[in-house]
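This report concerns only the one structure given below.
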Amino acid sequence: MRKKSLVSLLLAASLAAGALFGCGAGGKDSAKSGQSSEAAQSSEKTEAGSSEDLGTPLADVRVRQALAYAIDMDTIVDSIFEGKAEVAKSFTAPGDWLNANLPEYKYDPEKAKELLKEANWPADYTLDVVYYYDDQQTVDLMTIIGQYWQEVGVKAKFRKLEGDLASQLWVPPTDKEKGPSVVKWDLAYAAVAALAESEFYNRFASTASNNSTVPKQEGLDELIAESNATMDTDAQKKAFAKIQEFIAEKVLAMPLYHQVCFIYTSNKLDTAGTKFGNDQFSYEKNILDWKIDRDDKTLYTNGGPEEFFWYPMVNPGYMISTELVFDKLINADSSLTPTDGMLAESYTVSEDNKTIEFVLKDGLKWHDDEALTAEDVKFTLELMLKTPGTNAVASDVVKAIKGSADFVEGKTDSLEGIVVDGNKITVNFDTVSANALAVFSQWPILPKHCLENANPETLQQDQFWQKPIGSGPYKVDEVVLNNYATLKRWDGYYKKGSGNVDTVYMFASGENDGNLVKNAGAGKIDYAWSKSTEDAKAIEAMDSMKVTSANIRYTRCFYINQFPHEANIK
């Protein structure tokens, strides 16, 4: 199917009264992959049985494979997303963490029909497919996928969920092996945005509190436990590769596409060979080496404070100001893999993965010239435990520190698992916290002397966030809330760099900047990022701007309900 065919199909088809109507869509033969991997083919012969015996036709792996083979995601990405997304073969985005040898389900409607015939697909069954997004792009996508399925003999109706989504989507059955299902749908179109790979895969464990779709799988719980049993990045990658293969072979869920982020740079900016990555989080950009071709040595960007500078507990990479004003203990590369020290001169992980020792650099200071010490690190970790709404990954890490429960309950005044000895700080965990290094590469250290009297319950409202003091390469200079703010290169930083950016001028904006395109067109954006394909298309057309796409851990998918349940549409 070519783009013109998809556009015509969208004009002809609609979601009317929650149902899909319209004629089947044609396909392009060149998109066929021929066969899946040997492992995937062998799994077609397992989990077989009648729909009645299995409790749902979706419990048959051949049906799940057929639904995947029936969708031409390459054409959908080229057409609906105009090439500004990445076809997914796993929840993991392309890059260092992706298993390159996964079975793929390239568009092959004949293979889909063959599998459905083998599985005795019940012709009178109508898939109940739910989604929760309001945008037209989602409606278009659901319409096209429904047409693809109709072409291979599968009927589907689509409906948008309203109200309490968590209770409608993620409640697991009491019996994690036999069900029956608590949720009332066959497939759910959803998304996962992740800092760490575990956020994609822990939910497939039989004990996961949000596993509403996958019965206990022999061997999968053990693989997931293996991925959570180490802080070693290479060992984690190997463990996640096994999980990716398991999920792909059995099609326990159906990843569709990865959203990408778009990084915008002007022709006045030289980023010194920086490898761009997921700008939703922090990674080493070497901004002190950047050069700007402006007489005033000012770099223009967005993300300035509207009501306040955003505090980092929920999302440490929400705004570039957090990355420039505050330092972390360690760095991360563009794939968000933890690397070398930042505030820490060095760090060591114990053999049992339950202790991390950080040695801070000598002579560290805050922007107000106060000394930055290991006590600030201890204070920050304790504050993260007390602050409501701390990001789930970070919260899980600090809760794993020895004595965290007693500290939160007020039984102790300090966190037992954190030991300070001069510029050395040791963090002791009760259990292995696999994402600890990822968290220490993202969450900045905060100044105790400025925030020790702040109320953790209302931390964002503290006066500190009107003009925060940090330890990063740039310090807050001038602030006009809801208008602009400037950051000045800080002479007291431990690195000097070879670049010339003295001032960072930030237009006030939230994550979605309605003035981004206008400011870029006026020559007032040198660096920015967004996830908006509309912004990317508009800025791409500007001679003065360059658009670079980067993979991020953000995957749209179908969760497939394999627990026994009655047909919801009769």
Side-chain angles (χ1 to χ4, degrees), residues 1 5-6 8-27 44 47-73 75-76 80 105 107-133 138-161 168-169 180-181 183-190 212-213 251-254 256 556-570:
M1 176 185 292
S5 303
L6 266 179
S8 299
L9 185 59
L10 279 170
L11 291 173
S14 64
L15 286 171
L20 272 171
F21 299 97
C23 58
E44 293 169 12
E47 302 180 42
S50 69
S51 298
E52 291 78 11
D53 292 339
L54 296 171
T56 170
L58 294 170
D60 191 319
V61 66
R62 296 169 298 188
V63 170
R64 303 195 297 272
Q65 289 174 334
L67 293 177
Y69 276 124
I71 303 172
D72 187 354
M73 279 307 302
T75 294
I76 286 174
I80 295 180
Y105 301 93
Y107 180 53
D108 191 340
E110 296 308 314
K111 180 69 172 176
K113 291 175 185 177
E114 175 188 327
L115 288 167
L116 290 167
K117 184 177 180 181
E118 287 180 14
N120 296 310
W121 170 259
D124 60 344
Y125 196 94
T126 300
L127 292 174
D128 179 21
V129 187
V130 299
Y131 62 96
Y132 49 83
Y133 300 101
T138 294
V139 174
D140 292 345
L141 178 62
M142 297 297 99
T143 302
I144 294 302
I145 288 176
Q147 294 294 313
Y148 276 130
W149 284 341
Q150 183 172 299
E151 183 191 55
V152 300
V154 175
K155 295 181 291 186
K157 288 188 176 182
F158 297 74
R159 59 189 174 94
K160 181 176 179 292
L161 296 179
Q168 298 177 74
L169 288 168
S181 172
V183 297
K184 307 298 182 185
W185 41 264
D186 289 307
L187 293 97
Y189 175 64
S212 60
T213 59
V251 196
L252 297 183
M254 194 188 306
L256 297 171
R556 293 285 180 105
C557 63
F558 278 125
Y559 287 101
I560 307 172
N561 186 5
Q562 297 147 58
F563 282 109
H565 62 277
E566 292 185 8
N568 202 38
I569 300 172
K570 300 176 182 178

TODO: Determine whether Phe558 and Ile145 make a side-chain contact, defined as any pair of heavy atoms from C-beta on separated by less than 4.5 Å.
DONE: yes
Task: Side-chain touch Leu127/Tyr125, heavy atoms, less than 4.5 angstrom - done: yes
Task: Spacing of Ile71 atom CD1 and Glu151 atom CD [to the nearest 0.5 Å] - done: 11.5 Å
Task: Heavy-atom side-chain contact between Tyr559 and Asp186 under 4.5 Å - done: no
Task: Residues forming a salt bridge (Lys or Arg N to Asp or Glu O under 4.0 Å) with Lys160, sequence neighbours excluded - done: Asp134, Glu162
- [ ] Could you pull out the closest heavy-atom pair between Pro109 and Val152, with the gap in Å?
- [x] O-CG1, 3.7 Å
- [ ] Please identify each residue that fulfils side chain to side chain contact (heavy atoms under 4.5 Å, CB included) with Tyr132, with sequence neighbours left out.
- [x] Leu165, Leu169, Ala190
Open item on the list: Between Ser181 and Ser212, is there a side-chain heavy-atom distance shorter than 4.5 Å?
Closed with: no
Task: Any Arg62 side-chain heavy atom under 4.5 Å of Leu116 side chain - done: no
Open item on the list: The test is side-chain contact (heavy atoms from CB on, under 4.5 Å); show your working for Val129 and Trp185 and say whether it passes.
Closed with: CA-CA 6 Å; Val129 187; Trp185 41 264; over 6 Å; no
Open item on the list: If you define the side chain from C-beta out and look only at heavy atoms, does anything of Met254 sit under 4.5 Å from Cys557?
Closed with: no
Open item on the list: Would you say the ring centers of Tyr148 and Tyr107 fall short of 6.0 Å from each other?
Closed with: yes
Task: Over all atoms of both residues, closest heavy-atom pair of Leu161 and Gln168 - done: CD2-OE1, 3.4 Å
Task: Six-ring centre of Tyr133, Arg556 cation under 6.0 angstrom, axis tolerance 45° - done: yes
Task: Minimum heavy-atom distance Arg159-Lys184, with the two atoms named - done: NH2-O, 2.7 Å
TODO: Find out whether Leu141 and Ile76 are in side-chain contact, i.e. whether some heavy atom of one side chain is under 4.5 Å from a heavy atom of the other.
DONE: yes
- [ ] Compare every heavy atom of Ala119 with every heavy atom of Asp60, then report the nearest pair and how far apart it is.
- [x] OD2-CB, 3.6 Å
Task: Lys/Arg-Asp/Glu bridge criterion (N-O < 4.0 Å) met for Asp128, Lys157 - done: no
TODO: Decide, yes or no, whether a salt bridge links Glu114 with Lys117 under the criterion of side-chain N to carboxylate O below 4.0 Å.
DONE: no
Open item on the list: So that I know where these two stand, are Trp149 and Tyr69 an aromatic pair - ring centroids less than 6.0 Å apart?
Closed with: no
Task: Positive for side chain to side chain contact (heavy atoms under 4.5 Å, CB included) with Val183, one of Asn568, Asn561, Val130 - done: Asn561
Task: Student check: side-chain heavy atoms of Arg64 and Leu67 closer than 4.5 Å - done: no
